[in-house]
Amino acid sequence: FPSHDTMRRILREETDLYSNLKTVAFKDLPFEYQRSLIIYMYEGDVVDWSLDLDRDVVAKNDDLIKTLIKDYISVGRNKNKSFAYGLVPMKELTEEIEERMGYDSFKDYHKDYTSDNYTPRYKKESVWPIILDVDNEELIEDGWHRFHQYYKMGLNKVPAVMLM
């Protein structure tokens with residue numbers, strides 16, 4: 001787990017990582033952010049899902065995603081559960097990850113990660129949010145492949161949604 005100092009630094013309002021995010025209830029998140037969370041949560045037992053399909057099938061169909069969003073919101077406490085979302089500068093994310101992962105540079109980590117992991121190629125127009133969790137020692141809860149692809153693409157800002 002990150003040190004208490006790291007946690008305090010991340011959560012301070014003036015920290016760039018957090019200051020780029022807006023906190024809202026799940027029901028008020030833009031669709032792309034809801035979509036990212038639903039795809040992540042779909043494999044768990046967060047709610048009684050009305051679909052029983054492969055996650056990859058669901059991820060490619062917005063109508064199925066909308067059905068799962070309705071499932072999630074149907075549990076009253078989920079509708080108003082808070083998430084922080086927005087665009088986070090790549091520089092802030094890479095610096096934080098580099099520190100947490102113990103690398104001299106994010107470039108070194110990226111090289112190691114992409115040599116050890118299959119990273120699918122994403123089209124520029126298919127950029128969708130990664131999921132951050134400050135309690136996760138690696139920071140990114142879901143979306144590592146996408147994140148490394150965004151880094152490779154040279155994105156300056158990354159759409160992110162943070163678990164609260």
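The first residue in the sequence is number 1, and the count goes up from there. These figures come from a predicted structure and were not determined experimentally.
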Under the ring pair (Phe, Tyr, Trp, His ring centres under 6.0 Å) test, residues paired with Tyr151 that sit two or more places apart
Phe106, His110
Residue pairs involving residues 62-72 (criterion salt bridge (Lys or Arg N to Asp or Glu O under 4.0 Å); sequence neighbours excluded)
Arg35-Asp62
Quick one: closest heavy-atom pair of Ala160 and Tyr33, and the distance?
O-CE2, 3.3 Å
Is there a side-chain contact between Tyr85 and Pro129 in this structure, where contact means two heavy atoms from C-beta onward sitting under 4.5 Å apart?
no
Establish, yes or no, whether a centroid distance under 6.0 Å links the rings of Phe26 and Tyr72.
yes
Could you tell me if the side chain of Leu37 sits less than 4.5 Å from the side chain of Leu163, heavy atoms only?
yes
Does the side chain of Ile65 come within less than 4.5 Å of Ile39's, by heavy atoms?
yes
Take Leu21 and Val88, measure what side chain to side chain contact (heavy atoms under 4.5 Å, CB included) needs, and give me the verdict at the end.
CA-CA 7 Å; Leu21 303 177; Val88 180; 3.7 Å; yes
Going by the angle between their ring planes, with limits at 30° and 60°, are Trp144 and Phe147 parallel, tilted or perpendicular?
perpendicular
Taking the side chain as every heavy atom from C-beta outward, state whether Thr94 and Tyr109 have any pair of such atoms under 4.5 Å apart.
no
Between CZ on residue Arg100 and CD1 on residue Ile140, distance to nearest 0.5 Å
10.0 Å
With a 4.5 Å cut-off on side-chain heavy atoms, are Phe83 and Val24 touching?
no
How far does CD of Glu96 sit from CG of Leu139, to the nearest 0.5 angstrom?
6.0 Å
Quick one, Leu93 and Leu132 - any side-chain contact, counting heavy atoms below 4.5 Å?
yes
Closest non-hydrogen contact found for Ser115 with Asp112 is OG-O, 2.9 Å
Tell me whether Asp54 at atom CG has more than 12 heavy atoms from other residues, nucleotides or ligands lying less than 6.0 Å away.
yes
If you look at every heavy atom in Thr23 and Ala84, which pair is closest and at what distance?
OG1-CB, 3.7 Å
So, taking the atom named CZ in Phe31 and the one named CD1 in Ile69, what distance separates them when rounded to the nearest 0.5 Å?
5.0 Å
Look at the side chain of Tyr150 and the backbone N and O of Met90, then say whether any donor-acceptor pair between them is shorter than 3.5 Å.
no
How close do Lys27 and Asn80 get, counting heavy atoms only, and between which atoms?
CE-OD1, 3.1 Å
Do Ile97 and Glu138 come within less than 4.5 Å of each other through their side chains, counting heavy atoms only?
no
Pairwise distance CE(Met164) to CG(Asp133) - rounded to 0.5 angstrom:
10.5 Å
When rounded to the nearest 0.5 angstrom, what distance separates CG in Asp28 from NZ in Lys22?
8.5 Å
Just wondering, do Thr114 and Lys152 contact through their side chains at under 4.5 Å, heavy atoms?
no
Any chance you could measure His145, atom NE2, to Ile130, atom CD1, to the nearest 0.5 Å?
13.5 Å
